[in-house]
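Sequence lines set the chain letters: A, B, ... in the order given, protein chains first and strands last, and positions in each chain run from 1. Everything quoted here is computed from the prediction, not taken from an experiment.
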Protein chains: 2
Amino acid sequence: MSQSVKPSLKERQFALRESAILDAVDSFLARKGFDLMTMDEIAQEVGISKASLYKHFDSKELLAAATMTRLVERTLQVIAQQAQEDKPLDNLKALVAWSVREHLAGRMPTLPSTRSSIHEFMTRHDPYVRKLEALTEILGGWIIAAQALGQINPSLPGEVVLYTIYARPCDPVIDFLKMGGAFTDDEIVEAIVTTCFGGLQSRA
Amino acid sequence: MSQSVKPSLKERQFALRESAILDAVDSFLARKGFDLMTMDEIAQEVGISKASLYKHFDSKELLAAATMTRLVERTLQVIAQQAQEDKPLDNLKALVAWSVREHLAGRMPTLPSTRSSIHEFMTRHDPYVRKLEALTEILGGWIIAAQALGQINPSLPGEVVLYTIYARPCDPVIDFLKMGGAFTDDEIVEAIVTTCFGGLQSRA
DNA sequence: GTCTATAAAATGATAGAC
DNA sequence: GTCTATCATTTTATAGAC
């Protein structure tokens, strides 16, 4: 840490380019997913050659892993900003709302579904796994607290609540509602949050 | 119709092989999705050559379309069997439960997400679109009836309810819960139905 | 580190014999 | 209609010059 007091111009250029690459991958992963995204189109989008891209990331898998790791970091930052003491349910709702908005803005790279060829790779990628564990610990605490307060259904297993929240940003319902064109982004966010936490049935 | 009174042995063999192909595609689409599924592995699984496979289906897209069309037909048959008069909410819940069980059994080919390269093709494939419209009409009727009875939240737009139900069989939560190994199939079905219709929050 | 050019592998689709 | 052999294309990844 202490040795990088003043990054050189070259280092800053390198970091800037790397950030631009990850931004592009965010967008491609959101639009096409890992398997349909190609290294050619990433290089083209960033405006560099494919060989240069491979100087930054040794493989397509590592590139996706870096992007997903940065997403978890971003999520941890957002959580640190907007979390409120003793309001676990509100915190969980705010997180879902934020992630749906990120999805609608095209910045939400697909969380690895179990079917994707990248999934197994991610489970072995230590930086990602560790950060995801940190996030899971925070959410787990909120879930337990919300259940203790009677806000979240206490009869639901914690994993069910956790996975249901993790799955929201890649919910195909978001895209279907967006495609139809009949709803604003705010209405879509509200629809997802309402159905996620309140369900389809009328509240008694 | 009336001319195929007695199908020949050859015709029955052909139909049987076609059914075996579609069964294999069901499984591959469920496990890997359209883009990762290859014509080679389908032919190998069925035990025929790839050229023979192309005699049955002219392209990978048409093969997937036939599989998805058969799924909608199967769904319509299940609905005809298990639907109860004047119980729209129960009918919707039973449909979700059935589709989750099909997913767990490996027989639920992925519904085309908007990101998949097959999605646009499906929207232009008439047999599929027509059958899906028939299914949508039935579900739409149940949703309206359930809202009129105060069972489904009347403030939710019909599309939101419909898409939320359509998205359930490809919910990644199913796979995550299955992978963890801590839940039986019945418990997973119950978890999805409960969170879908009841939401995460406690009922007042 | 960046580029052009190319290797190496996977895969959708077809030719042509039987 | 089924097979073997092959084509054509795409795409990940790298070699080698500068």
Query raised in the report: Is there a donor-acceptor pair under 3.5 Å between the side chain of B:Thr194 and the backbone N or O of B:Ala191?
Result: no

Report summary line: Atom CG of A:Asp40 and atom C1' of D:dA13 are separated, to the nearest Å, by 11 Å

Requested in this report: Quickly work out the B:Tyr54 OH to C:dA13 C1' distance and round it to whole Å.
Outcome: 5 Å

Query raised in the report: Reckon B:Lys50 touches a base, only the sugar-phosphate, or nothing at all at heavy-atom distances under 4.0 Å?
Result: base

Query raised in the report: Can you check salt bridge (Lys or Arg N to Asp or Glu O under 4.0 Å) on B:Lys50 and B:Asp40, steps first, answer last?
Result: CA-CA 6 Å; B:Lys50 193 162 56 162; B:Asp40 281 280; 3.3 Å; yes

Report summary line: Here the distance between atom P of C:dA13 and atom CG of B:Leu62, to the nearest Å, is 9 Å

Report task. Answer yes or no: does atom CD of B:Gln82 have more than 12 heavy-atom neighbours from other residues, nucleotides or ligands under 6.0 Å? Result -> yes

Query raised in the report: When the distance from CE of B:Met39 to C1' of D:dA8 is rounded to whole Å, what number comes out?
Result: 16 Å

Requested in this report: Take atom CE of A:Met37 and atom P of D:dA13, then tell me their distance rounded to the nearest Å.
Outcome: 10 Å

Query raised in the report: CG of B:Leu53 versus C1' of D:dT2: gap in Å, rounded?
Result: 12 Å

Requested in this report: Name the nucleic acid region contacted by A:Lys55, choosing base, sugar-phosphate or nothing; use a 4.0 angstrom heavy-atom cut-off, strictly under.
Outcome: base

Requested in this report: Between C:dG12, D:dC3, D:dA13, spot the one nearest the side chain of B:Lys60, thanks.
Outcome: C:dG12

Query raised in the report: Expressed in angstrom and rounded to an integer, what is the separation of B:Gln44 atom CD from C:dT11 atom P?
Result: 12 Å

**Report entry** Separation of atom CZ in A:Phe14 from atom C1' in C:dG1, rounded to whole Å
**Finding:** 8 Å

Query raised in the report: When B:Asp26 is tested against each of B:Arg74, B:Lys32, B:Arg31 for salt bridge (charged side-chain N to carboxylate O under 4.0 Å, His left out), which residue passes?
Result: B:Arg74

Query raised in the report: To the side chain of A:Ser49, which of D:dT2, D:dT14, C:dC3 is closest?
Result: C:dC3

Query raised in the report: Heavy atoms under 4.0 Å, any strand shown: does B:Thr38 hit a base, just sugar-phosphate, or nothing?
Result: sugar-phosphate

Report task. Indicate yes or no for a side-chain donor-acceptor contact from B:Thr110 to the backbone of B:Ala30 under 3.5 Å, with no hydrogens or angles considered. Result -> no

Query raised in the report: For A:Arg17 and C:dG1, is the shortest distance between a side-chain N/O and OP1 or OP2 below 4.0 Å?
Result: no

Report summary line: Residue pair A:Asp35/B:Lys10 against DNA chain D: nearer the 5' end by closest nucleotide is B:Lys10

**Report entry** Minimum-distance nucleotide (side-chain atoms of A:Ser52 versus C:dA13, D:dT14, C:dT2)
**Finding:** C:dT2

